[in-house]
Protein chains: 2
Amino acid sequence: MSRVSHASPPDGFQPAPGVGFEDLIGPLFRREVDGIARFGFRVAAGHVNGRNAVHGGMLVAFADMAWGKPLAVHGYDAGWATVRLTTDFIAPAPLGAWVEASSAIIGRDGDLFTVRGEVHAGDQVLLTGSAIYKGFRRRPGD
Amino acid sequence: MSRVSHASPPDGFQPAPGVGFEDLIGPLFRREVDGIARFGFRVAAGHVNGRNAVHGGMLVAFADMAWGKPLAVHGYDAGWATVRLTTDFIAPAPLGAWVEASSAIIGRDGDLFTVRGEVHAGDQVLLTGSAIYKGFRRRPGD
């Protein structure tokens with residue numbers, strides 16, 4: 001059974017293959033919610049700490065990549081870089097849990113976007129915080 | 001050639017095998033500096049973003065696990081959990097760079113420790129920030 005099928009994502013989620021680090025910590029999945037990509041993953045053996053709960057490093061890495069996705073709708077087709085990431089850890093999630101991220105842009109100054117985000121498992125918030133991302137374009141303009 | 005030997009760590013660093021997520025994002029290495037474990041890794045293909053630089057998610061995950069190490073000298077033999085992690089991204093590092101973390105405890109309130117930390121490649125700071133960790137003991141006491 002492949003890593004992807006073993007993760008058995010909820011209905012509506014499709015595999016979101018990435019390169020490099022995003023591939024390493026995957027498989028990640030995505031679905032569109034109001035035109036914005038929302039990401040999820042199933043907590044597997046490679047995601048846990050010594051207490052068999054999802055590792056804090058996995059949660060912050062997932063937040064870093066998932067919380068920036070709303071920038072895509074603003075035309076940042078060459079991606080974005082994280083400027084600042086602030087995360088508060090609320091609760092752990094066990095091996096096998098399905099974990100999702102959501103975020104929303106709450107401020108903008110030119111190419112700099114401030115985002116507020118969450119990582120949750122069902123109704124349980126695991127991580128909350130905010131981030132500043134700098135967007136990049138292949139061609140300047142809005 | 002194994003993942004570990006391919007990483008060719010600087011003199012003094014030894015493999016620091018971990019479980020779960022720490023194994024997934026490795027190989028990580030450690031050396032003792034003033035009795036505190038300092039961690040490092042060589043930026044490999046699995047650590048990069050689409051720009052062939054170390055992924056921000058890898059930097060924050062590495063910071064999360066490495067910055068807590070000074071708690072070990074306070075007898076927290078059952079590990080620690082991250083309560084808050086705040087990171088500022090200063091510069092990228094390319095594929096092949098050797099990356100290290102350092103941190104110091106700057107505050108304590110019972111089992112809660114505030115740590116200031118850095119992730120750097122040579123003289124170049126990549127990431128700076130702070131964290132709050134809660135330590136756990138197998139047996140209570142100091």
Side-chain angles (χ1 to χ4, degrees), chain A residues 3 17-26 28 39 41 43-68 77-92 94-95 101 112 126-134 136, chain B residues 3 17-26 28 39 41 43-68 77-92 94-95 101 112 126-134 136:
Chain A
R3 288 198 310 166
V19 300
F21 187 67
E22 295 194 14
D23 177 61
L24 182 72
I25 67 168
L28 304 177
F39 280 68
F41 71 97
V43 179
H47 299 138
V48 301
N49 57 29
R51 298 183 288 277
N52 249 3
V54 63
H55 194 290
M58 177 63 191
L59 290 180
V60 291
F62 179 63
D64 173 65
M65 70 181 58
W67 288 356
D77 53 359
W80 44 86
T82 314
V83 175
R84 165 171 273 195
L85 181 67
T86 298
T87 48
D88 285 295
F89 291 70
I90 310 301
L95 188 64
L112 289 179
L126 309 180
L127 194 77
T128 182
S130 60
I132 301 172
Y133 295 98
K134 180 180 169 66
F136 298 107
Chain B
R3 288 198 311 167
V19 299
F21 188 67
E22 296 194 12
D23 177 60
L24 182 71
I25 67 168
L28 304 177
F39 281 68
F41 71 97
V43 179
H47 299 138
V48 301
N49 57 29
R51 298 183 289 277
N52 249 1
V54 63
H55 194 290
M58 177 63 191
L59 290 180
V60 291
F62 179 62
D64 174 65
M65 70 181 60
W67 289 355
D77 53 359
W80 46 86
T82 313
V83 175
R84 166 171 272 196
L85 181 67
T86 298
T87 48
D88 285 295
F89 290 70
I90 310 301
L95 188 64
L112 288 178
L126 308 180
L127 195 76
T128 182
S130 60
I132 300 172
Y133 295 98
K134 180 178 169 65
F136 298 107

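Only heavy atoms go into these numbers, but all of them, side chains included; no hydrogens, no water, no symmetry mates. Every chain is numbered from 1, with letters handed out A, B, ... down the list of sequences.
- Neither the backbone nor the side chain of B:W67 has a heavy atom closer than 4.5 Å to any heavy atom of chain A.
- Contacts with chain A were tallied for B:L85, B:V19, B:V48; B:L85 has the most, counting heavy-atom pairs under 4.5 Å.
- Proximity to chain A (any heavy atom under 4.5 Å) is shown, for B:A63, by neither the backbone nor the side chain.
- Of all non-hydrogen atoms in B:A81 and A:R51, the two that sit nearest each other are CB-NH2, 3.9 Å.
- The most heavy-atom pairs under 4.5 Å with chain A, out of B:L127, B:T82, B:I90, come from B:T82.
- Highest contact tally toward chain A, considering only B:L95, B:I132, B:T87, is held by B:T87 [criterion: heavy-atom pairs under 4.5 Å].
- Contacts of B:V83 with chain A are made by backbone atoms alone, with heavy-atom separations under 4.5 Å and no side-chain atom involved.
- Looking at heavy atoms from C-beta onward, B:M65 lies out of side-chain contact with A:N49 at the 4.5 angstrom threshold.
- B:I25 places a side-chain heavy atom less than 4.5 Å from the side chain of A:F21.
- Residues B:G57 and A:A61 approach most closely at O-CB, 3.4 Å, considering heavy atoms.
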